[in-house]
Amino acid sequence: MRVAIVGAGAVGRSIAGELLGNGHTVMLIEKDPRKVRTKSVPGAEWVQADACEVSSLEEAQLATCDVVVAATGDDKANLVVSLLAKTEFAVNRVVARVKDPRNEWLYTEAWGVDVAVSTPRVLAALVEEAVTVGDVVRLMSFRKGAANLVEITLAEDTPWVGRALREVPLPRETVLTAILRGERVITPSPDEPLEAGDELLFITHGDVEDDLKAVLAPAGGAGI
């Protein structure tokens, strides 16, 4: 992919390094000349420009990018960049950094944002994922909750331990994508038996997360 990252601070440079390491083409756009440090990410294309200006984005040929990442430390700038990328340059995928969690409600499709990433929220979800058993933990949202990546760790007294996946009545709009068992990553199959402690990763709709929790709850908690 060709990815444009707006904001060449520590966050933007880190993202750029990861993407370059995965074989993608990266363009870093930074307004502040003091942050244009080409040697810090030598494999990236660097553009010194104000990404909130349409003319600057035209010169950078933003329309040739598959993904735009708005990664500045300013929520207002990230929202403007997202809107311009989507409406003026028809970029297929726009990912935006949420600096202040209080502004997260603004990061919607109306502003051109496909995925909003709030570091505090992600960290909280990872903490919950690490210690929570028998409850649904939302790790990430896509399309404003039209699809969520959620995790649930099976308790020892869930009624589904030892039973095949095909027997589990999953809610509508819910797909099991992977089973984490110890150090193994298991591709789900209808005949795969579940074990206590399995971490199940689902793509599901926010409206049915409670239903998913009820299905996989410990014995006596869901009335199965």
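- With hydrogens and angles disregarded, a donor-acceptor distance shorter than 3.5 Å links the side chain of D114 to the backbone of V94.
- The main-chain N or O of R102 is found under 3.5 Å from a side-chain atom of D100 such that the two form a donor-acceptor pair.
- The structure places CD of E209 at 10.5 Å from CD1 of I152, a figure rounded to the nearest 0.5 Å.
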Worksheet item: Are T174 and V208 close enough, and set up right, to give a side-chain contact (heavy atoms from CB on, under 4.5 Å), and what steps lead you there?
Response: CA-CA 8 Å; T174 299; V208 298; 3.6 Å; yes

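- One hydrophobic cluster, built from ILVMFWY side chains closer than 4.5 Å, holds both V41 and V3.
- Criterion: ILVMFWY side-chain heavy atoms under 4.5 Å apart, direct or through other members. Under it, L194 and I186 are part of a common hydrophobic cluster.
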Worksheet item: When you look at L79 and L106, which way does the side-chain contact (heavy atoms from CB on, under 4.5 Å) test go after all the steps?
Response: CA-CA 8 Å; L79 289 169; L106 288 166; 3.9 Å; yes

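- In this structure the side chain of D198 never reaches within 4.5 angstrom of the side chain of L180, judged on heavy atoms.
- Of the N and O atoms on the side chains of T153 and E151, at least one donor lies less than 3.5 Å from an acceptor on the other residue.
- The nearest pair of heavy atoms linking G12 to A71 is CA-CB, 4.3 Å.
- Using a distance-only test at 3.5 Å, with no hydrogens or angles considered, a donor-acceptor pair links the side chain of H24 to the main chain of M1.
- Side-chain atoms of S56 come within 3.5 Å of backbone atoms of D50 as a donor-acceptor pair (strictly under, hydrogens ignored).
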Worksheet item: For V117 and V115, what are the C-alpha separation, side-chain angles and deciding distance, and is it a side-chain contact (heavy atoms from CB on, under 4.5 Å)?
Response: CA-CA 6 Å; V117 181; V115 178; 4.2 Å; yes

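- A side-chain donor-acceptor contact under 3.5 Å links T72 and N78.
- No donor-acceptor distance shorter than 3.5 angstrom exists from the side chain of R93 to the backbone of V67, with no hydrogens or angles considered.
- No continuous path of ILVMFWY side-chain contacts below 4.5 Å connects V26 to V91, so the two sit in separate hydrophobic clusters.
- L216 and L165 fall within a single hydrophobic cluster, where Ile, Leu, Val, Met, Phe, Trp and Tyr are joined by side-chain heavy atoms under 4.5 Å apart, directly or via other members.
- Ion pairing between a basic and an acidic side chain is recognised when a charged N comes within 4.0 Å of a carboxylate O; R2 and E45 show such pairing.
- Scanning all heavy atoms of the two residues, the minimum distance from K99 to P101 falls at O-CD, 3.6 Å.
- The shortest distance between side-chain heavy atoms of P193 and R163 does not fall below 4.5 Å.
- Around the CD atom of E167, the shell of radius 6.0 Å holds more than 12 heavy atoms that belong to other residues, nucleotides or ligands.
- Between I5 and I29, the closest side-chain pair of non-hydrogen atoms is not below 4.5 Å.
- Residues L83 and V6 do not share a hydrophobic cluster, defined by chaining ILVMFWY side chains whose heavy atoms lie under 4.5 Å apart.
- Across all non-hydrogen atoms, the minimal contact from F89 to V54 is CZ-O, 3.8 Å.
- Residues W46 and S40 form a side-chain contact, since some pair of their non-hydrogen atoms from C-beta on lies under 4.5 Å apart.
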Worksheet entry | R181/E192 under salt bridge (charged side-chain N to carboxylate O under 4.0 Å, His left out): CA gap, chis, key distance, verdict | CA-CA 12 Å; R181 182 176 296 156; E192 181 68 36; 3.0 Å; yes

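- Under the 3.5 Å distance criterion, the side-chain polar atoms of K35 are left unmatched by any main-chain donor or acceptor of E30.
- Here K76 contributes atom NZ and N103 contributes atom CG; the two are 8.5 Å apart, rounded to the nearest 0.5 Å.
- Here the shortest heavy-atom pairing between A155 and T158 reads O-CG2, 3.0 Å.
- Side chains of S82 and V68 form no contact here, defined as non-hydrogen atoms less than 4.5 Å apart.
- V81 and C52 make their closest contact through CG2-SG, 4.3 Å (heavy atoms, listed as atom of the first residue, atom of the second, distance).
- N148 places none of its side-chain heavy atoms less than 4.5 Å from the side chain of I203.
- With rounding to the nearest 0.5 Å, the separation of CG in L84 from CG in L57 is 6.0 Å.
- The residues R172 and D211 are annotated as not salt-bridged, no charged nitrogen and carboxylate oxygen being separated by less than 4.0 angstrom.
- The shortest distance between side-chain heavy atoms of T108 and V113 does not fall below 4.5 Å.
- Residues F202 and L200 approach most closely at CE1-CB, 3.5 Å, considering heavy atoms.
- Contact check for V47 versus L28: no side-chain heavy atoms found under the 4.5 Å cut-off.
- No donor-acceptor contact under 3.5 angstrom links the side chains of N92 and D66, judged on distance only.
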